[in-house]
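These notes are about the structure you will find just below.
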Amino acid sequence: MSKDLRKLNVKNPLLSIQVMTSNRKDTIRKCLDSITHLRETVPSELVMVDTGCNEEMRSIIEEYTDHIIKFEWCNDFAKARNAGLNECKGKWFMFMDDDEWFEDTKELEYIFTSGTYKGIKACFYIQRNYVDKEGINFSDDPVSRIFERTPELKFVGRIHEYLDPFDGVYTKVNSYVHHYGYVFNSEKEKYEHSLRNLSLLKEVLKEDRGQIRWWLQTAQEYNAIEEFDNMAQLCEEGLTVFTKEKTADDRFLCRDVAGLYMGIIQSDLRTFKYEQAIKNGERALADGRLNPMAIAQAHINMARAY
């Protein structure tokens, strides 16, 4: 079986699939088995980025591909991803983690077998993020994980890495991956995970203060470990960086500024500062940059405060 799977790698692939892995032996087979039909249907290659596998894990991934890149971990997810991206040969590129697996890949396969890919630059699929081990409660989030590969394309960010540049026509499919990366065995494990993320995000903020996504993700980590004063302080600082003058010509920045206001109001609510929450809600509404959804959320939070 392993020999056949290794032979699925072709010399001139249409699609390169990159999976970054460490030691998640409980999910790695689910992950790699879930893309086998995709590999059989679309001329492809599977590139594994080994960020610290033990011998058992290494022997498992060797059953699926002989294209394995050994990467010395340096607390930088983008560098690890780029190590794999630089060795990919496909005209298109898809990336995954070893703790997620597809329910099915039929719609993804159709993108390539039908020729749809020729008229687009990227494809979004769904990441189903579970919040309990039973798989009962979850949120479905669209993720941009499939791109036409260009010489300029690269990963950016020590953590929560993303591909850049991208500006073009894209499509969406309903194919989804199961993802249990936000389910923890204990509060201690959850806390340690957030601390690791915070340490990396703080480094990214030092290097790239002009990218609002790092501010919002740092705020989310403070919220996860209930450091609400730190979250509010961070969001207030972010508002001094992303002023109306700074965001005037960028509708995406205007949209994301709402997240900074909501972080402040959430901090007020969680620390029982209800009058302050109302004042900050009024401040957000007076800003003029909030879209209808954010305006609704501000009113909801103010109602909670009242």
Side-chain angles (χ1 to χ4, degrees), residues 20 73-83 85 95 122 141-145 147 152-167 181-182 191-271 276-277 279-281 283-291 293-295 297-298 301:
M20 192 161 69
W73 185 243
C74 60
N75 289 327
D76 194 318
F77 285 86
K79 284 185 178 179
R81 292 283 189 200
N82 285 327
L85 177 61
F95 65 102
D141 302 310
V143 290
S144 51
R145 298 287 186 86
F147 284 76
E152 300 81 18
L153 196 67
K154 66 182 183 302
F155 283 95
V156 178
R158 291 176 182 263
I159 189 170
H160 303 311
E161 69 282 5
Y162 64 96
L163 277 167
D164 185 73
F166 168 66
D167 184 17
Y182 301 132
Y191 182 75
E192 290 175 348
H193 182 267
S194 288
L195 285 184
R196 183 210 68 174
N197 288 357
L198 273 170
S199 66
L200 296 177
L201 285 165
K202 288 176 181 178
E203 290 298 317
V204 175
L205 270 177
K206 290 179 183 178
E207 300 164 358
D208 189 9
R209 289 174 59 83
Q211 177 61 267
I212 198 169
R213 67 187 297 140
W214 308 130
W215 293 85
L216 296 176
Q217 287 168 356
T218 304
Q220 288 175 2
E221 295 297 343
Y222 277 131
N223 186 55
I225 59 176
E226 300 185 1
E227 291 191 8
F228 302 117
D229 288 340
N230 285 334
M231 179 171 69
Q233 182 178 346
L234 176 90
C235 291
E236 287 287 4
E237 185 180 351
L239 287 174
T240 67
V241 174
F242 300 99
T243 61
K244 289 185 179 181
E245 292 76 18
K246 168 97 175 187
T247 63
D249 299 323
D250 191 325
R251 64 186 178 90
F252 294 108
L253 272 179
C254 286
R255 176 200 64 191
D256 292 340
V257 161
L260 298 174
Y261 279 114
M262 297 311 143
I264 295 167
I265 299 168
Q266 173 73 359
S267 173
D268 292 336
L269 291 172
R270 293 299 300 272
T271 53
Q276 190 167 307
K279 290 179 181 178
N280 281 320
R283 179 162 65 116
L285 293 172
D287 185 287
R289 288 179 287 177
L290 275 63
N291 63 21
M293 183 67 75
I295 291 171
Q297 187 62 54
N301 285 331

Search all heavy atoms of [X] against all heavy atoms of [Y] and return the closest pair with its distance.
| X | Y | answer |
| --- | --- | --- |
| Phe252 | Asp250 | N-OD1, 3.0 Å |
| Leu153 | Leu85 | O-CD2, 3.4 Å |
| Met20 | Ala80 | SD-CB, 3.4 Å |
| Ala294 | Met262 | O-CE, 3.6 Å |

Apply the salt bridge (Lys or Arg N to Asp or Glu O under 4.0 Å) test between Glu161 and each candidate in Arg145, Arg81, Lys154, Arg213; give the one that qualifies.
->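 One option only clears the test, and that one is Arg81.
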Say whether, by atom type as modelled, one donor and one acceptor occur between the side chain of Arg289 and the main chain of Thr243 under 3.5 angstrom.
->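 At least one qualifying donor-acceptor pair exists.
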Examine distances only and state if a side-chain atom of Asp208 and a backbone atom of Val204 form a donor-acceptor pair shorter than 3.5 Å.
->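 Between the backbone of Val204 and the side chain of Asp208 there is no qualifying donor-acceptor contact (under 3.5 Å).
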Counting C-beta onward and ignoring hydrogens, is there a side-chain heavy-atom pair between [X] and [Y] closer than 4.5 Å?
| X | Y | answer |
| --- | --- | --- |
| Ile159 | Arg196 | yes |
| Phe77 | His160 | no |
| Arg270 | Met231 | no |
| Leu260 | Ile212 | yes |

If you measure from [atom1] on [X] to [atom2] on [Y], what distance do you get to the nearest 0.5 Å?
| X | Y | atom1 | atom2 | answer |
| --- | --- | --- | --- | --- |
| Gln220 | Leu234 | CD | CG | 11.0 Å |
| Tyr222 | Asn230 | OH | CG | 4.5 Å |
| Met293 | Asn291 | CE | CG | 7.5 Å |
| Glu226 | Ser194 | CD | OG | 10.5 Å |
| Leu216 | Cys235 | CG | SG | 7.0 Å |
| Asp229 | Asp268 | CG | CG | 9.5 Å |

Geometric class of the Tyr162/Trp214 ring pair [parallel <30°, tilted 30-60°, perpendicular >60°] =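 If you compare the ring of Trp214 with that of Tyr162, the planes turn out tilted.
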Considering residues at least two apart in sequence or located in another chain, which fulfil the salt bridge (Lys or Arg N to Asp or Glu O under 4.0 Å) criterion with Asp256?
->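 Partners of Asp256 by the salt bridge (Lys or Arg N to Asp or Glu O under 4.0 Å) criterion come out as none, since no residue qualifies.
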Asn301, Asn280, Leu290 screened by side chain to side chain contact (heavy atoms under 4.5 Å, CB included) with Tyr261, the one that passes |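 In the set Asn301, Asn280, Leu290, the residue that makes a side chain to side chain contact (heavy atoms under 4.5 Å, CB included) with Tyr261 is Leu290.
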Results of ring-ring contact (aromatic ring centres under 6.0 Å, His included) for Phe95 - residues two or more places apart only |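 Only Phe155 meet the ring-ring contact (aromatic ring centres under 6.0 Å, His included) criterion with Phe95.
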Which residue pairs pass the side chain to side chain donor-acceptor pair (under 3.5 Å) test when at least one of the two sits in residues 231-242, sequence neighbours left out?
->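 Non-adjacent pairs meeting side chain to side chain donor-acceptor pair (under 3.5 Å): Arg209-Glu237, Glu236-Arg283.
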